[in-house]
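A quick write-up on the structure given underneath.
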Amino acid sequence: MGTTAIEAFLTVRRMGTGVSHTDDEVGRETGPGGAPRYSRRLSDKILIAFHHACDQSDFEVAEQLLHILEMMLTRRPLTPDGTRRRNMESLVAAHERLWHLRHPNTDEY
């Protein structure tokens with residue numbers, strides 16, 4: 001079987017490229033007493049859902065998820081964590097992916 005874009009995305013994320021592993025951003029799978037903990041930031045989950053919607057060719061949902069992600073990333077940050085540039089690069093890449101999926105026959109020069 002071939003690898004989907006989301007599987008490739010998740011593989012790259014797991015390998016540690018472009019991911020900050022601070023305690024605030026990545027929790028353990030289970031906390032004390034076996035209670036589930038969050039393992040990804042909400043913005044990462046929305047980005048994953050965006051790529052999944054693109055893989056399913058559901059561009060309307062992908063666009064809405066992208067608007068939500070953009071709102072989250074462009075509002076004033078509560079704490080300066082130094083990941084703003086990386087987050088914005090992911091947002092731009094997501095916009096580019098959606099544009100290319102919607103305009104498959106457009107030549108780039």
Side-chain angles (χ1 to χ4, degrees):
M1 279 182 106
T3 302
T4 65
I6 192 68
E7 290 169 335
F9 172 77
L10 291 173
T11 300
V12 170
R13 300 291 284 187
R14 280 192 295 264
M15 293 173 72
T17 56
V19 177
S20 174
H21 293 288
T22 65
D23 289 338
D24 293 336
E25 293 175 326
V26 180
R28 291 173 287 188
E29 290 299 318
T30 57
R37 303 246 343 225
Y38 298 109
S39 61
R40 295 184 186 275
R41 296 175 298 171
L42 180 57
S43 60
D44 291 337
K45 292 179 180 182
I46 292 171
L47 186 60
I48 290 167
F50 163 81
H51 285 293
H52 188 71
C54 288
D55 290 344
Q56 300 293 317
S57 298
D58 196 343
F59 303 135
E60 185 177 340
V61 169
E63 184 174 6
Q64 292 299 316
L65 288 166
L66 201 52
H67 286 298
I68 292 168
L69 182 62
E70 185 171 1
M71 182 266 306
M72 290 177 67
L73 296 179
T74 56
R75 68 182 173 194
R76 187 173 172 205
L78 299 175
T79 58
D81 60 358
T83 61
R84 181 171 171 77
R85 179 178 177 183
R86 191 170 39 238
N87 289 339
M88 293 309 249
E89 289 172 354
S90 295
L91 180 63
V92 169
H95 273 284
E96 288 176 356
R97 179 177 187 204
L98 184 59
W99 191 90
H100 285 292
L101 289 171
R102 286 191 164 172
H103 304 92
N105 298 326
T106 304
D107 295 329
E108 290 187 48
Y109 293 100

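For the atom pair NZ of K45 and OG of S39, the computed distance is 5.5 Å after rounding to the nearest 0.5 Å.
For E63, the side-chain hydrogen bond (donor to acceptor under 3.5 Å, both in side chains) partners two or more places apart in sequence, or in a different chain, are R102. Every side chain to side chain contact (heavy atoms under 4.5 Å, CB included) that E96 has, sequence neighbours left out, goes to V92, H100. Residues satisfying the side-chain hydrogen bond (donor to acceptor under 3.5 Å, both in side chains) test with H103, not counting sequence neighbours, are W99. Contacts of E70 classified as side-chain hydrogen bond (donor to acceptor under 3.5 Å, both in side chains), with partners at least two apart in sequence or in another chain: H95.
Using a 4.5 Å heavy-atom threshold, the side chains of L65 and L47 count as separate. Using a 4.5 Å heavy-atom threshold, the side chains of F50 and L69 count as separate. Between Q56 and V61, the closest side-chain pair of non-hydrogen atoms is not below 4.5 Å. H51 has its side chain out of reach of I48: every pair of non-hydrogen atoms, C-beta onward, lies at least 4.5 Å apart.
Residue L91 comes nearest to L73 through the heavy atom pair CB-CD1, 4.1 Å, listed as atom of the first residue, atom of the second, then distance. Smallest separation of non-hydrogen atoms from C54 and A62: SG-CB, 3.9 Å.
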